[in-house]
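Computed from a prediction, not measured in an experiment: that's the story for all the values here. Below, read A as the first sequence line, B as the second, and so on, with proteins coming before strands; counting in each chain starts at 1.
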Amino acid sequence: MTHAAPDAVTSSELLSVVASRELAARRTVFAGIGLPTLATELAHLTVAPDIEVVYESGVCGAHPARLPETIADAVLITGAEAVISMPMLFGCVLQGGHIDVGFLGAAQIDRWGNLNTSVIGDWDSPSVRLPGSGGGVEVMANSREVFVVMRRHHPRSFPAELDFCTTPGPDRALAEGIRPLGSGVTRVITELGIMAREGVGEELRLVAVQPGVTVEQVRAATGWELRVADTVDEVPPPTGAELRLLREDVDPDRVYLR
Amino acid sequence: MTHAAPDAVTSSELLSVVASRELAARRTVFAGIGLPTLATELAHLTVAPDIEVVYESGVCGAHPARLPETIADAVLITGAEAVISMPMLFGCVLQGGHIDVGFLGAAQIDRWGNLNTSVIGDWDSPSVRLPGSGGGVEVMANSREVFVVMRRHHPRSFPAELDFCTTPGPDRALAEGIRPLGSGVTRVITELGIMAREGVGEELRLVAVQPGVTVEQVRAATGWELRVADTVDEVPPPTGAELRLLREDVDPDRVYLR
Amino acid sequence: MAPTDRTDKSMSMKAAIAAFVRDGATVCLEGFTHLIPTAAGHEIIRQGRRDLTVVRMTADIVVDQMIAAGCVTRLVSSFVGNSSAGSLGELRRRVESADPAPLAFEEYSHYGMICRYLAGAQRLPFYPLRSYGGSDLPSVNSDLRKVTSPYPGPDGGPEQIYVVPPVNPDVTIIHAQRADRRGNTQIWGLTGVQAEAVYAADKAIVVVEEIVDDEVIRSDPNRTLVPAHAVDAVVRCPRGAHPSFAQGYYDRDNAFYRAWSHISKDPQRLQDWLDEWVRGTADHAEYVDRLGEEFWARLAVGEALSEPVDYGRRL
Amino acid sequence: MAPTDRTDKSMSMKAAIAAFVRDGATVCLEGFTHLIPTAAGHEIIRQGRRDLTVVRMTADIVVDQMIAAGCVTRLVSSFVGNSSAGSLGELRRRVESADPAPLAFEEYSHYGMICRYLAGAQRLPFYPLRSYGGSDLPSVNSDLRKVTSPYPGPDGGPEQIYVVPPVNPDVTIIHAQRADRRGNTQIWGLTGVQAEAVYAADKAIVVVEEIVDDEVIRSDPNRTLVPAHAVDAVVRCPRGAHPSFAQGYYDRDNAFYRAWSHISKDPQRLQDWLDEWVRGTADHAEYVDRLGEEFWARLAVGEALSEPVDYGRRL
């Protein structure tokens with residue numbers, strides 16, 4: 001991982017800034033805690049002033065006095081615009097089609113943006129039992145598009161074949177005759193670069209590399225024969241303004257920034 | 001209609017008192033406004049102290065300062081124990097199986113306790129368009145049993161065949177292969193007497209007549225060949241205590257008592 | 001974040017109806033006895049909308065008025081009556097004798113309508129319910145269908161259940177006690193099926209007694225039944241639910257419910273009423289003024305405040 | 001009516017667990033991050049219940065503890081992790097290497113679990129949802145099945161959708177801020193799926209921070225999420241949701257969540273912890289006392305009161 005950004009930009013800062021830019025003109029984001037929180041909070045201050053984060057726990061329009069430590073942190077509730085039940089949140093808001101962008105993480109992602117969050121190894125006797133879907137299956141099936149942020153870009157997390165597909169993208173759903181609402185994963189943001197796809201029928205393509213990273217490095221870190229866009233841009237490094245907002249306004253207590 | 005009860009008992013009073021007695025040991029009642037209100041309020045003061053009325057509008061455990069004029073009267077809400085949404089009320093409380101007795105009325109009832117509240121005449125061009133089901137279909141399908149109070153006992157409202165079956169009892173449901181929760185109509189209370197049935201496969205039988213009414217009068221007022229129980233009791237007339245409670249405590253302003 | 005102009009959805013009733021209710025549209029008006037959006041219905045009449053499909057569980061006075069004004073060609077409902085106060089004259093004439101024109105009517109039960117909203121709001125192809133077995137309703141409504149459960153029934157054999165299709169109105173209109181300018185809407189007392197009806201719709205208009213400061217809404221986020229992301233227009237229209245009631249604001253006008261049975265029985269008298277009170281008023285404010293302060297004083301209610309709850313703050 | 005002895009459902013935790021949680025039962029504990037019924041789980045451990053099927057969306061610390069105490073043979077869940085703070089050591093040992101015994105696990109997604117509660121609460125044979133198409137989950141969970149809609153799909157052809165079966169626990173246990181003695185239960189902040197989980201169950205235990213006077217509940221009936229008719233026992237148990245939080249009462253003990261990953265990683269350390277804090281305490285009051293006032297002061301929260309609403313009264 002080499003990137004000589006100004007001010008010794010950390011990996012968290014880089015990923016947050018890059019993800020925040022992808023949220024330009026988006027309205028509703030379904031986000032977990034951590035990097036997605038940083039990215040959406042920064043986007044709110046920069047490219048997407050009207051953005052609303054909806055939390056899996058039922059919080060809409062949060063105005064937290066402190067940066068939340070979990071998606072259900074008490075500071076998200078006090079002063080929020082609405083707190084609704086989980087049947088309403090998952091049924092009417094998410095499955096109802098009100099989410100523009102869903103953020104997801106995974107232990108493994110494949111070239112179509114299918115995700116594994118269940119097991120490493122066999123489901124019946126796994127070498128590692130992971131937490132499972134949570135709301136991931138629903139976020140993928142019902143958001144217009146999904147952004148995935150992966151801290152580690154490594155062939156084990158970008159395998160040619162998933163150990164288990166917990167959360168299918170639309171290609172797998174359609175193959176079974178089920179029509180999902182959105183495009184599935186459209187952006188994968190890692191320390192090495194950005195992969196993108198438009199939707200059904202398309203593999204992820206490398207569209208940008210982080211400063212100082214080569215296309216070959218990304219290919220080597222990916223477990224399948226990675227497609228590469230005709231022109232691969234270098235991601236513009238975080239600006240001074242972006243870093244200042246992130247460090248001073250979004251996460252001054254370094255809850256998530258490392 | 002002749003019944004020489006003490007103190008010139010009115011028809012409303014008679015029906016309310018008789019219905020209230022049938023609520024002994026019942027816990028949850030789904031009731032509309034009018035006679036069912038009087039009957040359940042009186043039962044609460046007499047034979048069923050723990051009775052709870054659940055209203056179609058979403059009110060549970062009402063403690064109205066005045067007798068309510070509709071099932072959604074503001075006086076039912078202020079001071080109630082719970083006010084829930086209609087999806088919760090119909091889905092979890094009613095269909096969920098929490099109602100012991102549902103009260104229903106109808107324009108027509110047949111010998112199996114099936115009800116018509118939709119039309120007189122053909123559905124497509126009716127001679128009279130009635131209000132329709134409301135929640136009647138659901139009350140019948142999901143209450144343990146249903147009481148019907150009919151002010152007028154007349155062959156037109158007790159026909160051999162309904163003009164339209166809005167609200168089927170369990171016999172009709174089972175004939176279609178659908179298994180309802182409860183027994184359907186188990187009591188029909190009219191100015192002439194009480195008809196009863198235990199459940200599926202049984203026709204309504206005359207089990208009691210109001211004071212001064214003959215079995216023959218009831219038969220003549222019924223549009224089908226009415227079955228009669230081996231022993232037909234005379235309904236004990238309202239006691240002085242029942243009438244006093246009804247007139248002084250339940251409905252002192254004569255909202256429903258006529 | 002502070003509200004910006006871009007998230008201020010407040011507008012006049014005239015503008016909201018003009019923007020979101022088109023001829024031929026499917027329009028849902030919800031509110032079960034409580035908070036009926038009457039003023040919105042009147043503005044639809046004033047603007048002369050035509051060929052509407054109206055979706056409403058309890059088709060009552062406002063629906064009878066919209067039908068009489070010629071706005072409605074199709075009605076989807078589970079109760080077509082004037083509460084317990086009598087009949088809807090215009091609706092009965094239309095259905096019983098196509099006088100002066102027919103009205104297409106889709107008949108459901110209450111829970112059937114609720115499940116249609118649930119399916120619409122949750123983007124489901126159908127919603128199952130334990131109603132309709134043995135009813136004649138499926139014989140006059142071909143949208144009441146059956147599905148076989150993929151799990152064994154209680155007797156081990158296959159189990160069938162009725163389902164209803166989703167309803168997705170072009171616009172849903174509800175009345176509420178209060179909202180902020182973005183559309184975060186708080187309702188108390190009977191809450192009916194309003195939230196689901198809003199989520200089922202493509203667009204939503206929320207008519208409120210009061211538009212309040214953000215801080216009021218945010219002091220009690222659990223009271224927000226309809227979050228801003230589901231709302232397209234916020235219309236301030238005090239007393240806009242008359243003759244129904246707004247819990248804590250004004251009581252139900254039971255006398256008008258009783259009167260409507262008589263007014264609507266006579267087609268000319270009904271049209272005269274519309275001329276005077278709807279077509280003859282510029283907006284709901286004029287309707288309210290004409291009724292007069294003495295009238296409104298009779299519907300006034302006393303105070304019964306909820307005890308506050310503590311949401312807490314991190315120390 | 002005034003509460004009578006017959007409608008007073010308040011009892012001790014010990015009595016409630018003894019009465020309603022039997023060996024071999026299906027026990028649902030709900031509360032999504034907020035209001036987790038930990039104290040009830042601890043009492044189940046103290047009473048040595050065996051062969052339980054535990055149903056819980058987010059199987060977290062309390063479930064890991066119940067598994068480690070040998071109470072649980074089957075788990076139905078959609079998230080088996082220690083929040084974002086790490087792993088559940090005991091659960092992983094059971095699933096990864098049947099150490100010291102296997103654990104049967106039925107894996108769902110969050111909405112799949114929610115829909116199972118909805119189906120259970122609404123007495124439906126199944127509940128449809130737009131999840132699972134293309135997932136491997138149906139290959140390891142044969143209860144994820146498909147139904148063909150009886151209405152044409154968007155392309156005019158037949159449309160298939162996944163469904164889940166109802167769950168009907170023998171008993172559901174939730175934690176709430178307050179209730180009256182009859183069981184009318186008020187919750188604010190995150191309300192999760194508690195009401196549906198209660199309605200899905202045969203019996204329901206509500207554990208509360210406070211039992212309050214009837215008047216408190218009745219001043220705000222919309223705040224009552226679980227009406228009395230659905231509740232069988234009301235247990236007063238302050239701080240019974242620790243290490244989770246109770247909005248307005250105490251904050252989340254994030255340090256304990258982080259610590260649990262370490263405690264649970266070592267089987268002996270885990271058993272020692274249970275010996276000291278669960279099996280070595282008579283009840284939750286003793287657990288609370290042992291933690292000490294200084295500890296609780298760190299989790300204390302400041303005040304943020306909701307603005308009251310006016311329910312009105314007839315004049």
Side-chain angles (χ1 to χ4, degrees), chain B residues 32-34 56-59 69-74 76-79 83-87 89-91 94-95 114 116 118-119 121 123-138 140-142 162 164-181, chain C residues 32-34 57-58 77-84 87 91-92 95-98 105 107-112 114-115 117-118 129-137 139-140 146 153-155 159-162 188-196 225 244-245 247-248 251-252 254 257 301 304:
Chain B
I33 286 293
E56 189 171 74
S57 54
V59 181
E69 293 186 46
T70 72
I71 55 162
D73 194 318
L76 286 170
I77 286 92
T78 303
V83 175
I84 61 180
S85 74
M86 294 189 86
L89 193 278
F90 274 88
L94 185 50
Q95 192 174 275
N114 302 303
N116 173 20
S118 290
V119 287
W123 189 89
D124 281 312
S125 58
S127 61
V128 181
R129 175 65 231 190
L130 301 164
S133 162
V137 169
E138 285 77 35
M140 183 75 89
N142 300 303
L162 301 178
F164 185 88
C165 177
T166 315
T167 295
D171 299 85
R172 280 184 66 123
L174 281 164
E176 204 192 320
I178 303 276
R179 180 195 303 264
L181 180 69
Chain C
F32 186 83
T33 313
H34 184 215
M57 286 176 65
T58 51
S77 181
S78 46
F79 189 88
V80 292
N82 177 11
S83 178
S84 50
S87 279
L91 184 139
R92 285 189 56 183
V95 173
E96 292 169 6
S97 45
F105 177 41
E107 183 169 0
Y108 287 88
S109 61
H110 273 354
Y111 195 46
I114 292 168
C115 291
Y117 291 128
L118 287 168
L129 72 170
R130 292 199 179 273
S131 304
Y132 302 130
S135 173
D136 282 339
L137 285 168
S139 73
V140 297
K146 276 187 279 192
D155 60 0
E159 183 173 15
Q160 287 207 307
I161 187 162
Y162 269 93
W188 57 97
L190 300 176
T191 58
V193 74
Q194 279 97 315
E196 291 79 5
L225 251 67
S244 78
F245 67 109
Q247 192 82 34
D251 215 335
R252 191 169 189 261
N254 290 314
Y257 277 84
V301 296

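Contact count against chain C (heavy-atom pairs under 4.5 Å) is highest for B:Ser118 among B:Gly79, B:Gly58, B:Ser118. Heavy-atom pairs under 4.5 Å with chain B were tallied for C:Glu107, C:Gln194, C:Gln160; the largest tally goes to C:Glu107. If you tally non-hydrogen atom pairs under 4.5 Å between each of C:Ala304, C:Ser244, C:Cys115, C:Ser109 and chain B, the highest count goes to C:Ser109. With respect to chain C, the highest number of heavy-atom pairs below 4.5 Å among B:Pro126, B:Gly135, B:Cys165, B:Gly91 belongs to B:Cys165. No other option in B:Ala173, B:Gly121, B:Pro87, B:Pro131 has as many heavy-atom pairs under 4.5 Å with chain C as B:Pro131.
Partners of C:Ser83 under the side chain to side chain contact (heavy atoms under 4.5 Å, CB included) rule, at least two apart in sequence or in another chain, are B:Thr70, C:Arg252, C:Tyr257. Checked against side chain to side chain contact (heavy atoms under 4.5 Å, CB included), C:Ser135 has the following partners two or more places apart in sequence or in another chain: B:Pro168, C:Leu137, C:Pro138.
Interface remark: B:Leu130 contributes backbone atoms only to the contact with chain C (heavy atom separation under 4.5 Å). Residue contact with chain C, scored on non-hydrogen atoms closer than 4.5 Å, involves the backbone of B:Ile84 exclusively. Residue C:Tyr117 does not touch chain B at all, counting heavy-atom pairs closer than 4.5 Å. Of the two parts of B:Ala175, neither the backbone nor the side chain holds a non-hydrogen atom closer than 4.5 Å to a non-hydrogen atom of chain C. C:Leu225 does not touch chain B: none of its heavy atoms, backbone or side chain, sits under 4.5 Å away. Only the side chain of C:Glu196 comes within contact range of chain B, with heavy atoms under 4.5 Å apart. The contact between B:Val128 and chain C is made by backbone and side chain atoms together, counting heavy-atom distances below 4.5 Å.
Note that OH of C:Tyr132 is 12.5 Å distant from CD of B:Glu176, once rounded to the nearest 0.5 Å. Here CG of B:Asn142 is found 9.0 Å from CG of C:Leu129. Values are rounded to the nearest 0.5 Å. Expressed to the nearest 0.5 Å, how far OH of C:Tyr111 lies from OG of B:Ser133 amounts to 13.5 Å. Of the inter-residue distances, the one linking B:Gln95 atom CD with C:Ile114 atom CD1 reads 10.5 Å to the nearest 0.5 angstrom. Atoms CG and NE2, from B:Leu76 and C:His34 in turn, are 12.5 Å apart once rounded to the nearest 0.5 Å.
Looking only at side-chain heavy atoms (C-beta outward), B:Ser127 and C:Glu96 stay at 4.5 Å or farther from each other. Taking 4.5 Å as the limit, some side-chain heavy atom of B:Ile178 sits within range of a side-chain heavy atom of C:Lys146. You'll find the side chain of B:Pro180 stays beyond 4.5 Å of the side chain of C:Arg130, heavy atoms only. Side-chain contact check for C:Asp136 versus B:Arg172: some heavy-atom pair is nearer than 4.5 Å. For the pair C:Met57 and B:Met86, the minimum side-chain heavy-atom distance is below 4.5 Å. C:Val140 is listed as a side-chain neighbour of B:Phe164, based on a closest heavy-atom distance under 4.5 Å. Using a 4.5 Å heavy-atom cutoff, the side chains of C:Val193 and B:Ser85 are not in contact.
Across all non-hydrogen atoms, the minimal contact from B:Ile77 to C:Gly189 is CG2-CA, 3.7 Å. Contact detail for B:Ala72 and C:Phe32: the closest heavy-atom pair is CB-O, 4.4 Å.
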> Passes side-chain contact (heavy atoms from CB on, under 4.5 Å), B:Val83 versus C:Thr191? Steps please.
Replying inline: CA-CA 8 Å; B:Val83 175; C:Thr191 58; 5.5 Å; no
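Below 30°, between 30° and 60°, or above 60°: for B:Phe90 and C:His110 the angle between ring planes is above 60°, a perpendicular geometry.
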